[in-house]
Amino acid sequence: MNELEKLCQDLKVPRGNGQDWEYELTAEYRTPQWLVKYLSAYLHNNYSTFQKHILMNLCIDICNDLFTADRNQNQPIICQVLNVLYNDYAQHWQLIDYWALPDEPLEDCFEITSEIRKLRQKYLANAHEWLALNQAQQNLLIAKQNFRQCPDFFIQLQIALNSSSQQTNALTLIHDDGLNDDQLSQLLSTLINIALEGNDEQSVIAHKILVKNKNNQSINQKVANLLLINYIDDLNYYDEIIYRRMTKLLHDLNNSFLIEQFINRCKNIDDTEVAQNYPVFAKQLLPQISTLSED
């Protein structure tokens, strides 16, 4: 006997055939009297999380039916259901979001949606950690706006970007909020250097900034020129980190010319380690040249 069958047997209601059982239960089992029974079973029986989820969803669905029949419904059991739902919010937050339909206009929602939204808002208003986080995010947004408006904003940003202790914050700001083309152009050499030679965390963010701007033709061309002059043309020995990061960056930038230049340069380097590792990055990049050529 599965959990749903056990629940139906205990409640003495028709056995469910599937996961929509709580919605398909006939009207005779959806009265305020039966609702009292379902809520009591939820509160007092040692049911599993799955069974409690079904019972709570059934209770909400019946409350919705009662509101549909009479919008001015004042059955005490409805208040009891909503109070229990609030107390067990953490266990049923996905269920609450389903009935709250937070992104939909109220006129397109369930009859009970307005009550569920009130419950949801009450919970969030009392969630002190969430409120603290929300306030911190607002403060950060204001700080970013104030920072951008200061006269030496770009100078401070450059200093932070070249400071190991501040580099992550500077990179995150550039990635999340962006810069104009002139400002970004001035930082490209540093960003490429961080992407290929920086610490792992900073390298990932710098990589994302470069790839994020790959559809900006002016920026992308400057990135290509800098990679070619400062790295690809200057490759003379094998550095596992640089080669691995270069391979991923060229792959994500989707630049067939750079890929070809990188592969050709590797073929001509008289270094045994490069020769040994060439198949690894070639395997990743060669198919992309073919794909780009077909396009």
A.B. asks: Can you tell if the side chain of Q167 reaches within under 4.5 Å of the side chain of S163, non-hydrogen atoms only?
C.D. replies: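 Counting from C-beta outward, Q167 and S163 never come under 4.5 Å.
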
A.B. asks: Take atom CD in Q217; do more than 12 heavy atoms of anything else shown fall under 6.0 Å from it?
C.D. replies: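 12 or below, so no.
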
A.B. asks: What's the shortest heavy-atom distance between L191 and A206, and which atoms?
C.D. replies: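 Taking L191 first and A206 second, the nearest heavy atoms are O-CB, 3.5 Å.
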
A.B. asks: Is any side-chain heavy atom of L82 closer than 4.5 Å to one of I78?
C.D. replies: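 Contact flag for I78/L82 side chains = yes.
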
A.B. asks: Just wondering, more than 12 heavy atoms not from K214 lying within 6.0 Å of its NZ?
C.D. replies: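 Correct, the count exceeds 12.
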
A.B. asks: Might you point out which heavy atoms bring L171 and I209 nearest each other, and give the distance in Å?
C.D. replies: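 Scanning both residues completely, I find the closest heavy atoms to be O-CD1, 3.5 Å.
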
A.B. asks: Do you see a donor-acceptor pair shorter than 3.5 Å between the side chains of Q221 and N225?
C.D. replies: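 Distance-only check passes for Q221 and N225.
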
A.B. asks: Which value, rounded to the nearest 0.5 Å, describes the distance between R265 atom CZ and Y231 atom OH?
C.D. replies: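 The OH atom of Y231 is 15.0 Å from CZ of R265, to the nearest 0.5 Å.
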
A.B. asks: Distance only, no hydrogens: is a donor on one side chain within 3.5 Å (strictly under) of an acceptor on the other, for Q186 and D182?
C.D. replies: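 Yes - a donor-acceptor pair under 3.5 Å links their side chains.
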
A.B. asks: Does the plane of the ring in Y243 sit parallel, tilted or perpendicular to the ring in F262? Use 30° and 60° as the thresholds.
C.D. replies: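 It falls in the tilted class, 30° to 60°.
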
A.B. asks: Kindly state whether the ring of F110 and the ring of Y98 have centres lying under 6.0 angstrom apart.
C.D. replies: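 Yes, close enough.
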
A.B. asks: Using the ring of each side chain (for Trp, its six-membered ring), is Y123 parallel, tilted or perpendicular to Y86, with breaks at 30° and 60°?
C.D. replies: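 Y123 and Y86: perpendicular rings.
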
A.B. asks: Can you check side chain to side chain contact (heavy atoms under 4.5 Å, CB included) on C63 and L35, steps first, answer last?
C.D. replies: CA-CA 8 Å; C63 289; L35 182 55; 3.8 Å; yes

A.B. asks: Could you grab the distance from atom CG of L210 to atom NE2 of H175, nearest 0.5 Å is fine?
C.D. replies: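 It is 10.5 Å, given to the nearest 0.5 Å.
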
A.B. asks: To the nearest 0.5 Å, tell me how far T31 OG1 sits from W34 CH2.
C.D. replies: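 Going from OG1 on T31 over to CH2 on W34, the span is 8.0 Å.
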
A.B. asks: Taking atom CG of D88 and atom CG of L85, what is their separation to the nearest 0.5 Å?
C.D. replies: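 Taking CG in D88 and CG in L85, the distance rounds to 7.5 Å.
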
A.B. asks: Considering all heavy atoms of both residues, which atom of C8 and which atom of P14 are nearest to each other, and what is their separation?
C.D. replies: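 The pair with the smallest heavy-atom distance is SG-O, 3.5 Å.
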
A.B. asks: Does one side chain, of E111 or T68, offer a donor that lies under 3.5 Å from an acceptor on the other?
C.D. replies: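 Side-chain D/A pair, E111 to T68: absent.
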
A.B. asks: So which atom in L157 and which in A170 form the shortest heavy-atom distance, rounded to 0.1 Å?
C.D. replies: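 In this case the closest contact between L157 and A170 is CD1-CB, 3.9 Å.
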
A.B. asks: Within the 3.5 Å criterion, strictly below it, is a donor on N126 or Y89 matched to an acceptor on the partner's side chain?
C.D. replies: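 The criterion, which ignores hydrogens and geometry beyond distance, is not satisfied for Y89 and N126.
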
A.B. asks: Using a strict 4.0 Å threshold on nitrogen-to-oxygen distance, state whether K144 and D177 make a salt bridge.
C.D. replies: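 So K144 pairs with D177 through a salt bridge.
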
A.B. asks: Do the side chains of L66 and R30 get nearer than 4.5 Å, heavy atoms only?
C.D. replies: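 They are not in side-chain contact.
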
A.B. asks: Taking the side chain as C-beta and beyond, is there a heavy-atom pair between Y38 and Y29 under 4.5 Å?
C.D. replies: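 Side chain of Y38 against side chain of Y29, heavy atoms only: contact under 4.5 Å found.
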
A.B. asks: If you draw the axis of the six-membered ring of Y47, does the NZ or CZ of K52 fall within 45° of it and under 6.0 Å from the ring centre?
C.D. replies: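 Output no; distance or angle outside limits.
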
A.B. asks: Under a 4.5 Å cut-off applied to non-hydrogen side-chain atoms, are L227 and L249 in contact?
C.D. replies: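 SC-SC contact between L227 and L249 confirmed.
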
A.B. asks: How about T49 and Q91: do any of their side-chain heavy atoms sit closer than 4.5 Å?
C.D. replies: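 Answer no - side chains too far apart.
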
A.B. asks: Given side chains that start at C-beta, do those of V84 and Q80 come closer than 4.5 Å, heavy atoms only?
C.D. replies: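 Side chain of V84 against side chain of Q80, heavy atoms only: no contact under 4.5 Å found.
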
A.B. asks: Strictly below 4.0 Å, N to O, side chains only: are K118 and E115 in salt-bridge contact?
C.D. replies: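 Counted as a salt bridge, because a side-chain N and a carboxylate O are separated by less than 4.0 Å.
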
A.B. asks: Between L4 and Y23, is there a shared hydrophobic cluster once you connect ILVMFWY residues whose side-chain heavy atoms come closer than 4.5 Å?
C.D. replies: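 Yes, it is one cluster - the side chains of L4 and Y23 are joined through contacts under 4.5 Å.
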
A.B. asks: Working to the nearest 0.5 Å, report the span between CG of L228 and CD of Q261.
C.D. replies: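 Reported to 0.5 Å precision, the distance equals 5.5 Å.
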
A.B. asks: What pair of heavy atoms forms the shortest contact from G198 to R245, and how long is it?
C.D. replies: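 Shortest heavy-atom separation between G198 and R245 comes out as O-NH1, 2.6 Å.
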
A.B. asks: Side-chain heavy atoms under 4.5 angstrom apart, residues restricted to Ile, Leu, Val, Met, Phe, Trp, Tyr: same cluster for L55 and F50?
C.D. replies: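 Same cluster: L55 reaches F50 through Ile, Leu, Val, Met, Phe, Trp or Tyr contacts under 4.5 Å.
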
A.B. asks: Do W99 and N57 have side-chain atoms, one donor and one acceptor, less than 3.5 Å apart?
C.D. replies: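 Distance-only check passes for W99 and N57.
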
A.B. asks: Is any side-chain heavy atom of K208 less than 4.5 Å from a side-chain heavy atom of I174?
C.D. replies: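 Answer no - side chains too far apart.
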
A.B. asks: Nearest 0.5 angstrom please: N213 CG to D181 CG, how far?
C.D. replies: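 Answer for the CG-CG pair, N213 versus D181, is 8.0 Å.
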
